Amino acid sequence: VQLQASGGGVVQTGGSLRLSCAASIRTFSSYYMGWFRQAPGKEREFVAVISWSGGSTYYEDSVKGRFTISRDNAKNTVDLQMNSLKAEDTAVYYCAATRYGGRYHYTQYDYWGQGTQVTVSS
């Protein structure tokens, strides 16, 4: 299983970025897909998760209304659209996969991408 995250970069406060994660999982549609982030000196934290079908999503409070997670099971991809970015969103962003729902801690995820850096400058 391989997850490849992309789309990070440098953006000004208030700007937008779209992250994408390509998964080489034969049964991609049977995995919940999540996004996490890790800022320097901090623990990896949950950002968003989407269910197998894409019909259910859940967000960390600080990103609700600004970030949107989506998936395309035909293409084995999961995206994170990030709008109204703030300096505190600066972090390395990781996509991850788990078989089960209701999981919001990084230790509960089975597969990880390599991370993509997002830097929001003021």
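Predicted model, so just to flag it, every value in this text is computed and none were measured.
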At what distance, to the nearest 0.5 angstrom, does [atom1] of [X] lie from [atom2] of [Y]?
X   : Y    : atom1 : atom2 : value
Q4  : S20  : CD    : OG    : 10.0 Å
S30 : Y100 : OG    : OH    : 10.0 Å
T98 : Y106 : OG1   : OH    : 15.0 Å
R26 : N76  : CZ    : CG    : 11.5 Å
S51 : M33  : OG    : CE    : 12.0 Å
S6  : Q114 : OG    : CD    : 8.0 Å

- Between the side chain of T13 and the main-chain N/O of K86, is any donor-acceptor distance below 3.5 Å?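 Side chain of T13 to backbone of K86, a donor-acceptor pair under 3.5 Å: no, none is there.
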Does any non-hydrogen side-chain atom of [Y] lie less than 4.5 Å from one of [X]?
X    : Y    : answer
W35  : C21  : yes
I25  : Y31  : yes
I69  : Y59  : yes
T68  : L80  : no
R37  : E60  : yes
Y111 : Q2   : no
V49  : Y109 : yes
H105 : E43  : yes

- Message: Tell me whether the count of non-hydrogen atoms from other residues, nucleotides or ligands lying under 6.0 Å of CD in E88 goes above 12.
- Response: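 Counting neighbours around CD of E88, more than 12 heavy atoms of other residues, nucleotides or ligands fall under 6.0 Å, so yes.
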Determine the minimum heavy-atom distance between [X] and [Y], stating which atoms define it.
X    : Y    : result
G7   : L17  : O-CD2, 3.9 Å
N73  : S53  : ND2-CA, 4.3 Å
T116 : A5   : CG2-CB, 4.2 Å
W52  : S29  : CB-O, 3.1 Å
V11  : L85  : CG1-CD1, 3.5 Å
T90  : Q117 : CG2-NE2, 4.1 Å

- Message: side-chain hydrogen bond (donor to acceptor under 3.5 Å, both in side chains) for S84 and R66? Distances and angles first, verdict last.
- Response: CA-CA 6 Å; S84 302; R66 300 189 298 122; over 6 Å; no
- Look at the rings of Y58 and Y104 and say which category their plane angle falls in: under 30° parallel, 30 to 60° tilted, over 60° perpendicular. tilted
- Examine the side chains of Q38 and R44 and answer whether a donor and an acceptor come within less than 3.5 Å of each other.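 Short answer, yes.
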- Check step by step if salt bridge (Lys or Arg N to Asp or Glu O under 4.0 Å) holds for D79 and R18. CA-CA 7 Å; D79 291 350; R18 188 176 184 90; 3.2 Å; yes
Tell me whether [X] shares a hydrophobic cluster with [Y], the cluster being built from Ile, Leu, Val, Met, Phe, Trp, Tyr side chains joined at under 4.5 Å.
X    : Y    : result
L19  : V10  : no
V118 : L3   : yes
V47  : V120 : yes
M82  : I50  : yes

- Report the C-alpha distance between K64 and D61 in whole Å, list the side-chain angles of each, state the deciding distance to 0.1 Å, and finish with yes or no for salt bridge (Lys or Arg N to Asp or Glu O under 4.0 Å). CA-CA 5 Å; K64 284 179 182 177; D61 284 347; 3.0 Å; yes
- Message: Tell me if the centroids of the rings in F46 and F36 come within less than 6.0 Å of each other.
- Response: yes
- Item | Cation-aromatic face contact R71/F28, 6.0 Å, 45 degrees |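 R71 over F28 ring: yes.
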- Query: Can you list the steps and then say if N83 with S16 is a side-chain hydrogen bond (donor to acceptor under 3.5 Å, both in side chains)?
  - Reply: CA-CA 4 Å; N83 298 328; S16 298; 2.9 Å; yes
